[in-house]
Amino acid sequence: MNALTNSNILNLKNALHLKWVWIPTLVFEMFLGCAATMMPQYIIPIFIGTCVIIFLILRPEFSYILAILTLSNQLYGVSTSTSEHLPFNLKFFEGAHSNIKALPFLVTDVFMLITFISWILAKWAKIRGPYLHTPIDTPAKIFFLWIALSSLWATSLRETLIESVPLLGAFLGLYLSVNIIRTKKMFQLTIGAFIFIGVVNAIVAIVSLYCREHSYLITKYNSFALAFNWNTIAGARGYGLCFPQCTAHFLNLSIVLSLGLLLQAKGIKKIIFLLFVILILVTGHLTTISKGGFIGLVAGLVFFFINYKPLKGYLMTSFVLTIITIIVLFPLARFNEVGKILTLGVARNIQSGSPTTATRLFVWKQTFPDVWDKTFGQGYGIGQMVPAHNIFFSVFFELGIVGFLIWLWLLIKFFYRIRTVTEMPIDSYYRTMLISLAAGIVAILSFGLVDLVYFDEITWTFFGIGMALINLANRSVNLHVQKTFSRFN
């Protein structure tokens with residue numbers, strides 16, 4: 001502890017000797033002086049607010065945790081209508097295309113940007129280390145470079161710029177996760193934030209079934225509108241801090257992370273607490289009645305059960321217990337309308353001819369031949385595609401065959417590296433959590449079969465967390481080898 005404190009003091013002294021540190025200090029003092037002169041009645045809230053902003057900028061770890069806590073927040077979002085026509089026509093379903101473009105994770109993107117600024121300042125002050133390379137660096141760099149190149153043949157600059165905002169948030173989620181998660185404690189804080197906000201989502205989703213809709217316009221400028229939206233389908237589906245599908249998507253990740261912690265927990269109190277957390281998460285998940293979310297949950301759990309060696313002999317038992325838990329919790333989550341759900345909700349959602357399924361099938365059926373006939377497999381470019389409701393089709397329709405192959409390369413590298421590291425002599429905690437993170441990516445990709453885009457901030461942040469944990473596991477192996485070598489010498 002003393003060594004750590006001395007190191008922090010030394011880093012602070014090094015930072016204070018740099019000239020750039022005094023620039024924001026002087027600007028801050030000038031700002032407070034002007035505020036005290038012009039608006040003395042607001043000096044206290046201005047001072048407190050400015051101190052909070054400075055703290056966020058100077059502490060990248062704190063800013064990063066705040067960004068994680070907003071990952072599933074779609075309460076505030078910017079939307080705009082576009083007058084540009086798509087470069088293709090939907091012959092089979094005219095209503096499939098909407099000219100509304102949205103930035104649903106606006107809060108997350110803002111906090112990711114704040115964290116990035118904080119990290120850059122910390123690097124300039126030489127109080128944070130350089131970027132730690134990961135196995136997916138090369139395919140990730142090429143993938144984002146190809147996205148940037150696709151803007152050259154995109155037909156709408158406005159839609160390209162709009163989609164660039166969540167893409168920036170996705171890139172920063174990957175980059176910052178690898179940079180900031182450098183210790184086991186920071187990793188535990190990160191997944192703790194994931195699980196905490198998952199529990200909040202689950203509770204809000206359960207409560208939303210008994211609440212009214214709350215939506216209103218905050219401000220509007222030309223065609224851009226900033227609005228607050230919550231529970232827009234009141235009483236029908238569980239609505240967390242984001243739309244039901246996204247709520248289920250995020251809860252999948254919280255559930256597999258909680259399961260990993262449960263299997264590593266020691267002590268009856270921790271086990272009971274984590275079991276209770278998982279029950280809340282699963283109950284909240286089931287209120288959303290999301291087909292994609294349920295597919296993702298089952299796929300992630302099956303992947304986990306197959307790859308977690310202590311459970312290999314109990315694969316069928318684990319799977320049966322999971323199904324029984326889901327069957328029991330589903331009516332409990334919606335006990336006030338079990339009959340209605342069973343006769344209308346579930347039946348309507350599993351029909352292949354439901355409205356949403358029909359729309360997606362029409363979009364896929366039309367767009368596939370258009371991509372080949374009109375772009376020769378090159379794709380329409382960033383921001384030029386209607387919501388494909390499929391993460392793989394989203395890549396193919398906008399980035400073409402080249403972008404799709406790069407995407408597959410990235411996924412193969414990720415899972416291959418997870419497998420090789422888990423087979424190494426690493427700590428059981430790292431091995432279990434790596435399997436949990438891989439199961440989370442399986443859940444994302446399975447959910448992505450029916451509803452997701454490739455520039456989803458949650459997905460890329462989860463990739464970054466997985467890569468950061470691989471770096472931690474590799475470092476633990478190297479330390480173990482060094483200790484063993486020094487012992488024999």
Side-chain angles (χ1 to χ4, degrees), residues 64 67 86-87 101 103 105 108-110 112-113 115-117 119-120 123 130-181 367 371-372 374-388 390-418 441 444-445 448 452-468 470-471:
Y64 176 75
L86 289 175
K101 282 284 185 177
L103 301 176
F105 290 105
T108 300
D109 297 329
V110 169
M112 284 294 182
L113 183 59
T115 308
F116 178 69
I117 295 172
W119 176 257
I120 293 299
K123 285 194 67 176
Y131 177 78
L132 299 175
H133 295 283
T134 73
I136 67 169
D137 278 357
T138 301
K141 290 176 182 177
I142 296 176
F143 185 71
F144 280 100
L145 178 61
W146 184 255
I147 294 173
L149 289 175
S150 74
S151 64
L152 297 177
W153 58 82
T155 58
S156 171
L157 176 61
R158 186 178 191 181
E159 294 186 359
T160 297
L161 293 175
I162 292 172
E163 193 167 299
S164 297
V165 175
L167 266 170
L168 177 62
F171 174 77
L172 293 180
L174 172 67
Y175 176 80
L176 293 170
S177 297
V178 175
N179 268 314
I180 291 178
I181 302 176
T367 311
V371 170
W372 291 111
K374 297 182 179 180
T375 72
F376 303 101
Q378 182 177 263
Y380 289 109
I382 173 178
Q384 307 306 302
M385 183 55 206
V386 298
N390 185 301
I391 192 170
F392 298 98
F393 293 166
S394 174
V395 174
F396 179 71
F397 292 159
E398 290 198 356
L399 306 179
I401 187 65
V402 174
F404 186 74
L405 291 176
I406 299 172
W407 170 251
L408 291 181
W409 177 27
L410 187 148
L411 294 179
I412 292 171
K413 287 275 288 185
F414 177 84
F415 285 107
Y416 175 76
R417 191 55 184 165
I418 289 284
I441 295 297
I444 290 173
L445 297 176
L452 204 59
V453 289
Y454 67 88
F455 46 85
D456 173 54
E457 292 93 333
I458 298 174
T459 300
W460 287 97
T461 301
F462 215 71
F463 272 127
I465 295 173
M467 290 298 101
I470 283 179
N471 286 338

Q.
Could you walk me through whether L132 and N179 satisfy the side chain to side chain contact (heavy atoms under 4.5 Å, CB included) test, starting with their C-alpha distance in whole Å, then the side-chain angles of each, then the deciding distance to 0.1 Å, before giving a yes or no?
A. CA-CA 6 Å; L132 299 175; N179 268 314; 5.8 Å; no

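Taking the six-membered ring for Trp and the full ring otherwise, F414 and F463 have centroids separated by under 6.0 Å. Annotation: W409 is not in aromatic contact with W146 [ring centroid separation under 6.0 Å not met]. Ring-centre distance between Y454 and F392: not below the 6.0 Å cut-off.
Separating the CG atom in L161 from the CG atom in L167 is a distance of 11.5 Å, to the nearest 0.5 Å. For the atom pair CD1 of I412 and CD1 of I136, the computed distance is 13.0 Å after rounding to the nearest 0.5 Å. For the atom pair CD1 (I401) and CZ (F396), the distance works out to 5.5 Å, reported to the nearest 0.5 Å. To the nearest 0.5 Å, the span separating OH on Y64 from OG1 on T115 amounts to 9.0 Å. The CG atom of L113 sits 12.5 Å away from atom OG1 of T108, with the distance rounded to the nearest 0.5 Å. Atom CD1 of I441 sits about 9.0 Å away from atom CD1 of I465, to the nearest 0.5 Å.
You'll find the side chain of T459 reaches within 4.5 Å of the side chain of L452, heavy atoms only. Counting heavy atoms from C-beta outward, L445 and L411 have side chains that approach closer than 4.5 Å. Contact of the I470 side chain with the T134 side chain is not registered, since no non-hydrogen atoms from C-beta on lie closer than 4.5 Å. Counting heavy atoms from C-beta on, the side chains of L399 and I147 come closer than 4.5 Å. You'll find the side chain of F116 reaches within 4.5 Å of the side chain of Y175, heavy atoms only. In this structure, V395 and V453 have side chains that are not in contact, with every pair of non-hydrogen atoms separated by 4.5 Å or more. Side chains of M467 and S177 form no contact here, defined as non-hydrogen atoms less than 4.5 Å apart.
When all heavy atoms are compared, the tightest approach of G169 to M112 is O-CG, 4.2 Å. Closest approach of K413 to P135, counting heavy atoms only: CE-O, 2.9 Å. Taking all atoms of both residues into account, the shortest heavy-atom contact from K123 to Y131 is NZ-N, 4.3 Å. Contact record, E457 with D109: OE2-OD1, 2.7 Å, taken as the closest heavy-atom pair. The shortest non-hydrogen separation linking E398 to I382 is OE1-CA, 3.6 Å. Contact between A170 and D456 at its shortest, heavy atoms only, is CB-O, 4.2 Å.
Proximity of a side-chain donor or acceptor of W153 to a complementary backbone N or O of G379 within less than 3.5 Å is detected. Side chain of W460 to backbone of F455: no donor-acceptor contact under 3.5 angstrom is found. Looking only at distances, no side-chain donor or acceptor of T160 sits under 3.5 Å from a matching main-chain atom of S151.
Within 6.0 Å of OH in Y416 there are 12 or fewer heavy atoms belonging to other residues, nucleotides or ligands.
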